[in-house]
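For reference, the structure is listed below as structure tokens.
Only a predicted model underlies this, so the values are computations on that prediction, with no experimental measurement involved.
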Amino acid sequence: MGKTYERIDGRLRTFIEEQPIFFTATSPLAADGTINLSPKGVTGSFAILDKLTVAYLDFAGSNAETIAHLRENSRITLMWCAFQGPPNIVRVHGRGEPVFRDDPRFPELLARFPGVDFTAHGLRAIIVVTAELVRDTCGYAVPFMSYDEDRDLHAKRFAREDDASLDAYFSKKEDIATSIDGLPGLPLPLPPTPA
């Protein structure tokens, strides 16, 4: 039932771009480490850069597990499910890298996300993923669910932060600079957002 793809294009690309939510999964190398699974869904915060490279904006949150795992071993899987229309699940297995605000590539990558106000969400990094395996599966057991709209709570919470107060917020959080398992997470102090 499943099919492997050599690239992200055509109907596969259309399917991915139409989904309002996707999930990321990462884990540390340690056998007893904490596996992380996160939903992502701010409209405009995901981009397909080329036929094997995708990226998404990493916004402020309660921890930085994805960043920590990628810094340690770069392994990541992204998943999209069809909650409307024909059943389908698409997974991109690959290698990811957090591109931080002080990286020379950051401004050029940020320009790939014109449809989102990143200043309202406490942008920490851009996660760039290079696909090594792209597959779909049937998705027959995925339920129908409707998408109404993005929640505005994240933007309301983080729009009031500037670079200094955001850095102070991250510095106070237990699992931002280091992961739950003690891996290096988000580098602090947080560099200013490039103009």
Side-chain angles (χ1 to χ4, degrees), residues 4-10 12-29 35-61 63-81 90-136 154 158 163 166 170 175-179 183-188 190-195:
T4 299
Y5 297 85
E6 293 183 10
R7 63 189 68 85
I8 302 167
D9 61 3
L12 187 66
R13 178 179 181 136
T14 300
F15 172 78
I16 288 172
E17 291 178 333
E18 288 176 347
Q19 304 314 306
I21 187 171
F22 67 99
F23 302 88
T24 67
T26 59
S27 69
L29 292 176
I35 296 170
N36 189 62
L37 176 64
S38 296
K40 307 291 179 188
V42 174
T43 298
S45 64
F46 177 83
I48 297 176
L49 305 181
D50 63 39
K51 292 180 180 182
L52 288 176
T53 313
V54 301
Y56 68 90
L57 302 179
D58 179 72
F59 295 126
N63 61 48
E65 298 306 298
T66 300
I67 286 174
H69 296 160
L70 294 180
R71 289 181 71 188
E72 184 200 39
N73 62 61
S74 79
R75 298 176 305 165
I76 188 167
T77 298
L78 308 179
M79 184 184 76
W80 296 262
C81 299
V90 172
R91 290 179 183 87
V92 170
H93 306 267
R95 298 289 171 174
E97 174 190 11
V99 177
F100 298 112
R101 294 169 163 203
D102 56 352
D103 188 300
R105 300 170 293 168
F106 192 91
E108 183 179 337
L109 283 168
L110 191 56
R112 301 295 297 264
F113 301 91
V116 63
D117 178 5
F118 64 87
T119 62
H121 292 279
L123 181 61
R124 304 187 300 192
I126 300 170
I127 306 297
V128 178
V129 177
T130 302
E132 295 179 334
L133 177 65
V134 181
R135 288 190 48 83
D136 70 0
H154 194 270
F158 289 100
D163 287 340
L166 194 59
F170 290 147
D175 299 314
I176 297 287
T178 57
S179 74
L183 296 172
L186 184 68
L188 296 174
L190 190 67
T193 306

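Inter-residue side-chain proximity for Leu29 and Arg75 is flagged as met; some heavy-atom pair is nearer than 4.5 Å. With contacts defined as side-chain heavy-atom distances shorter than 4.5 Å, the pair Val90/Phe22 does not qualify. Residues Met79 and Arg91 meet the side-chain proximity criterion, which asks for heavy atoms closer than 4.5 Å. Within the 4.5 Å cutoff, no side-chain heavy atoms of Leu166 are placed close to those of Arg124.
In this structure Asn36 satisfies the side-chain contact (heavy atoms from CB on, under 4.5 Å) test together with Thr26, Ser38, Glu65, Thr66, His69, sequence neighbours excluded. Legend: residues meeting side-chain contact (heavy atoms from CB on, under 4.5 Å) with Arg7, ordered by chain and number and at least two apart, are Asp9, Lys51.
No option in Leu78, Leu49, Val128, Ile127 other than Leu78 meets the side chain to side chain contact (heavy atoms under 4.5 Å, CB included) test with Val54. Screening Tyr56, Phe23, Phe15, Phe46 for a ring pair (Phe, Tyr, Trp, His ring centres under 6.0 Å) involving Trp80 leaves a single residue, Phe46.
With values rounded to the nearest 0.5 angstrom, Asp117 atom CG is found 10.5 Å from Leu123 atom CG. The distance from the CG atom of Leu183 to the CZ atom of Arg71 is 9.5 Å, given to the nearest 0.5 Å. We find the OG1-CG distance between Thr24 and Leu37 to be 6.5 Å, quoted to the nearest 0.5 Å. Expressed to the nearest 0.5 Å, how far CD1 of Ile76 lies from OG of Ser27 amounts to 10.5 Å. From Glu72, atom CD reaches atom CD1 of Ile67 across 14.5 Å, with rounding to the nearest 0.5 Å. A distance of 5.0 Å separates CD1 in Ile126 from CG in Leu109, rounded to the nearest 0.5 Å.
In this structure, Ile176 and Ala64 approach most closely via the heavy-atom pair O-CB, 3.5 Å. Taking each heavy atom of Ser179 and Ala68 in turn, the nearest pair found is CB-CB, 3.5 Å.
The ring pair (Phe, Tyr, Trp, His ring centres under 6.0 Å) analysis of residues 97-127, with sequence neighbours excluded, yields the pairs Phe59-His121, His121-His154.
Around the CD atom of Glu108, the shell of radius 6.0 Å holds no more than 12 heavy atoms that belong to other residues, nucleotides or ligands.
Of the possible polar contacts, one joining the Arg95 side chain to the Asn73 backbone as a donor-acceptor pair under 3.5 Å is found.
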Task: Trace of the side-chain contact (heavy atoms from CB on, under 4.5 Å) decision for Val116 with Val42 - done: CA-CA 8 Å; Val116 63; Val42 174; 3.8 Å; yes

